[in-house]
Amino acid sequence: MKNMITPVKGTRDFYPEIKAVHSWLYSKVRKVSERYGYQEYEGPFLESIDLYAAKSGEELVKEQSFVFPDRGGDLITLRPELTPTLARMVAQRQKQLIFPLRWWSFGPFWRYEKPQKGRSREFYQWNIDLIGVNTPQADAELIAIIVNFFQELGLDSKQVKIFVNDRLLMESELNLLGIPSTQQPAVFRLIDRREKMAAADWERYSLEEGLTQQQIGGVKSILDNKDLWKKSENLITIFDTLKAINLINFVEYDPNIIRGLDYYTATVFEAKDIGGTVRRSILGGGRYDNLLADVGGEQVPAVGFAMGDVVISLILENYGCIPPQIFNPPASVFVTTFSNETLLASLSLAETLRAQGMNVITYPEVVNLNKQLKFADRMKIKYAIFLGPDEIAQSVCTLKSLSNGSQEKIPLSEVPARLSQILDEG
RNA sequence: GUGCCAGUAGCUCAACGGCAGAGCAUCGCACUGUGGAUGCGAGGGUUGUGGGUUCGAAACCCAUCUGGCACCCCA
């Protein structure tokens, strides 16, 4: 144990049983993305810091990104999010891409934050975006994808929920209260914090931000108004659309949802664990209609969301949604080795079975069968094959089921066919 | 980046100023052509790391690292 190099803070080691969960999650992400006709893409993990300087949240770039100079002295960033990269990739080929564009991605990201449960410094993120359409139906499609994803994972609407709001609606409400647009970003931050603070603290804080008593009361009544969405044609259409396609469950209006990133322009949404103990949000997204123009392209409307792998994995584990079948044994057949004289015959039989498409493990050392079977048992392999002198003399092998202990002798020439048959049945 | 809590065998934990232990796991034997069960035995530790207090530190103090909780922020 001594002198062991510790892993970099906030990174995770994916041991096989954890990698299995990760791969399974990736397969679900792929399945749902493809079900809606989205195409997989990927960007570079390294980006110039200038790409983020444009429009991501200030803190995300200045405080939470891994930034280092390359050998030429240019500042390189380990990507903290994908949306600016996506905007750049689309802007670069704006004239040749086919819109509406539906793209998805699942890859690693880095943020220099304090690691704790649900948050690491290196994490994977599902990004999915619909670019080139500015309609409530497009927003509804992304929300529908989330609902579909939750259903695919076996979560129900008492466990997780998607909360939706519209920044334009909030801005117009703040305007009605006489709060100027220059002051509105600060008020959005106030809104973001309200549920975490005691009421009195929040009011005092609001006064410090320059709001009048009357405005504070106004903001409070906005945030408590669960029917506020009825003032927004956009939200009305989104909810009507989701109702019509029967995917309105999991979805709820919430005026408190604002989102931290600066580039969101209208619809914003966030999914949370409501039945359990994970307070951190599962995913977040919304409409960002100006980002492409900000990175040098033509103005193109877009909507999308991002989901980190860490929080959703925790939630799936808490709710027992991870199917045990994903921890399959690494092989279906174990070919024992008996002696140095018969070793090559065993290896040869194993290779024959592999050529038939089976996953086969052999014991690469001649040790007693006791030890080999114990190994096979612990690896949860279902069938073992013995090929010792007795079997070789008769041109057969012994097939043993490790689940019920039964054994049968099979002529060597028939082994592949017989085994395929047994594996198909079991 | 701020505050609080915790780190003891591979894992879960005990010992709480006085000989570092248990359960599980591992390895060996009973069982050299047959796994799971059982019995017997063995190995395994600079108590996260560095310093300090003390006759004596796993324990108390300081620093540091790592993790967890609440902030900040966010996936």
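Numbered from 1 within each chain, the chains take letters A, B, ... in sequence-line order.
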Asker: Could you work out, with side chain to side chain contact (heavy atoms under 4.5 Å, CB included) as the rule, every residue matching A/Y112, not counting sequence neighbours?
Answerer: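 A/Y112 satisfies side chain to side chain contact (heavy atoms under 4.5 Å, CB included) with A/F66, A/R121 only.
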Asker: Give, ordered by number, those residues of residues 342-353 of chain A having at least one heavy-atom distance below 4.0 Å to an atom of RNA chain B; if nothing qualifies, reply none.
Answerer: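 The stretch gives none, as no residue of it lies under 4.0 Å from the strand.
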Asker: Go through the N and O atoms of the side chain of A/R280 and the base of B/A75, and report whether any donor-acceptor pair is under 3.5 Å.
Answerer: no
Asker: Using a 4.0 Å heavy-atom cut-off, does A/K374 contact any base of the nucleic acid, only the sugar-phosphate backbone, or nothing at all?
Answerer: sugar-phosphate
Asker: According to side chain to side chain contact (heavy atoms under 4.5 Å, CB included), who are the partners of A/A417, at least two apart in sequence or on a separate chain?
Answerer: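 Per chain and number, A/A417 pairs via side chain to side chain contact (heavy atoms under 4.5 Å, CB included) with no residue.
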Asker: Output the rounded distance in Å from CD1 (A/I381) to C1' (B/G36).
Answerer: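 In whole Å, B/G36 C1' and A/I381 CD1 are 14 Å from each other.
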Asker: Would you please name every residue forming a side-chain hydrogen bond (donor to acceptor under 3.5 Å, both in side chains) with A/D201, sequence neighbours left out?
Answerer: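 Counting only residues at least two positions away or on another chain, A/D201 forms a side-chain hydrogen bond (donor to acceptor under 3.5 Å, both in side chains) with A/R204.
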Asker: Can you name the side chain to side chain contact (heavy atoms under 4.5 Å, CB included) partners of A/L97, sequence neighbours left out?
Answerer: A/V90, A/R93, A/F99, A/L101, A/W103
Asker: Under the side-chain hydrogen bond (donor to acceptor under 3.5 Å, both in side chains) rule, collect the residues that match up with A/T342, sequence neighbours excluded.
Answerer: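 Scan of A/T342 (side-chain hydrogen bond (donor to acceptor under 3.5 Å, both in side chains), adjacent residues dropped) gives A/S339.
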Asker: Grab the N/O contacts between the protein and nucleotides 5-9 of chain B below 3.5 Å, and write none if there aren't any.
Answerer:
none

Asker: With hydrogens left out and only the distance checked, is there a donor-acceptor pair under 3.5 Å joining A/E113's side chain and the base of B/A75?
Answerer: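 Looking at the base of B/A75, it does pair with a donor or acceptor on the side chain of A/E113 (distance under 3.5 Å).
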Asker: Write out all pairs satisfying side chain to side chain donor-acceptor pair (under 3.5 Å) with one or both partners inside residues 349-358 of chain A, taking only residues at least two apart or from two chains.
Answerer: A/E351-A/R354
Asker: Going by modelled atom types, is there a donor-acceptor pair between the base of B/U34 and the side chain of A/Q407 at under 3.5 Å?
Answerer: yes
Asker: What stems, by residue range, does RNA chain B take part in, given at least 3 consecutive Watson-Crick or G-U pairs under 3.5 Å?
Answerer: B:1-7 with B:65-71, B:10-13 with B:21-24, B:26-30 with B:38-42, B:48-52 with B:60-64
Asker: Quick check on contacts: within residues 202-209 of chain A, what sits under 4.0 Å from RNA chain B by heavy-atom distance?
Answerer: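 Residues of residues 202-209 of chain A that come under 4.0 Å of RNA chain B do not exist, since none gets that close.
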Asker: Has the side chain of A/K400 got a donor or acceptor atom sitting under 3.5 Å from an opposite partner on the base of B/U34?
Answerer: yes
Asker: Which of residues 35-43 of chain A have a heavy atom under 4.0 Å from RNA chain B?
Answerer: none
Asker: Residues of residues 149-169 of chain A with any non-hydrogen atom less than 4.0 angstrom from an atom of RNA chain B: list those, numerically ordered, please.
Answerer: none
Asker: So for A/E391 and B/G33, does any side-chain atom that can act as donor or acceptor lie under 3.5 Å from a complementary atom in the base?
Answerer: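 Flag set: donor-acceptor pair detected.
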